[in-house]
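Just below is one structure, and these are the notes that go with it.
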Amino acid sequence: MSAATLAVVIGTVLLFYGLPLVGLIILIIIGKKYFDKRYKQVENPRDALGLSADYVPTKEIFIDPKDGFKYQVYFNPKTGDRQYIRM
């Protein structure tokens with residue numbers, strides 16, 4: 001086998017297997033960076049919940065019969081608004 005033929009074979013193998021592998025690695029990195037919603041340390045835990053500092057947690061905790069998840073109620077005494085946050 002000549003050097004030119006060997007170079008063509010190696011180039012074809014790298015093109016066939018290398019590009020999809022590089023693409024998969026890029027997709028994993030993007031997915032981890034933008035779509036990973038697991039716990040991340042934040043300055044204010046209420047920021048992670050999407051609540052402003054005006055909301056205070058109540059002792060009211062319930063299980064929603066519709067989806068079966070446990071929720072805690074947060075109350076804003078200034079506006080009277082209530083937020084239901086899944087635990």
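Computed from a predicted structure; not experimentally measured. The figures that follow rest on heavy atoms only: side chains count, while hydrogens, waters and symmetry mates do not.
Between Val56 and Tyr74 the shortest side-chain heavy-atom distance does not fall below 4.5 Å.
Taking the side-chain hydrogen bond (donor to acceptor under 3.5 Å, both in side chains) definition, one finds that Asp64 meets it with nothing, sequence neighbours left out. Residues passing the side-chain hydrogen bond (donor to acceptor under 3.5 Å, both in side chains) test with Glu60 are Arg82, sequence neighbours excluded. Applying the ring-ring contact (aromatic ring centres under 6.0 Å, His included) criterion to Phe75, with sequence neighbours excluded, gives no partner residue. Under the salt bridge (Lys or Arg N to Asp or Glu O under 4.0 Å) criterion, Lys78 pairs with Asp54, not counting sequence neighbours. For Thr79, the side-chain hydrogen bond (donor to acceptor under 3.5 Å, both in side chains) criterion is met by Asn76, not counting sequence neighbours. Among residues two or more places apart in sequence or in another chain, the side chain to side chain contact (heavy atoms under 4.5 Å, CB included) test is passed with Ile30 by Ile26, Tyr34.
Here Leu21 sits in one hydrophobic cluster together with Ile25, Ile29; the rule is ILVMFWY side chains under 4.5 Å apart, joined directly or through other members. Through direct or indirect side-chain contacts shorter than 4.5 Å among Ile, Leu, Val, Met, Phe, Trp and Tyr, Val73 is connected to Phe62, Phe69, Tyr71, Tyr84.
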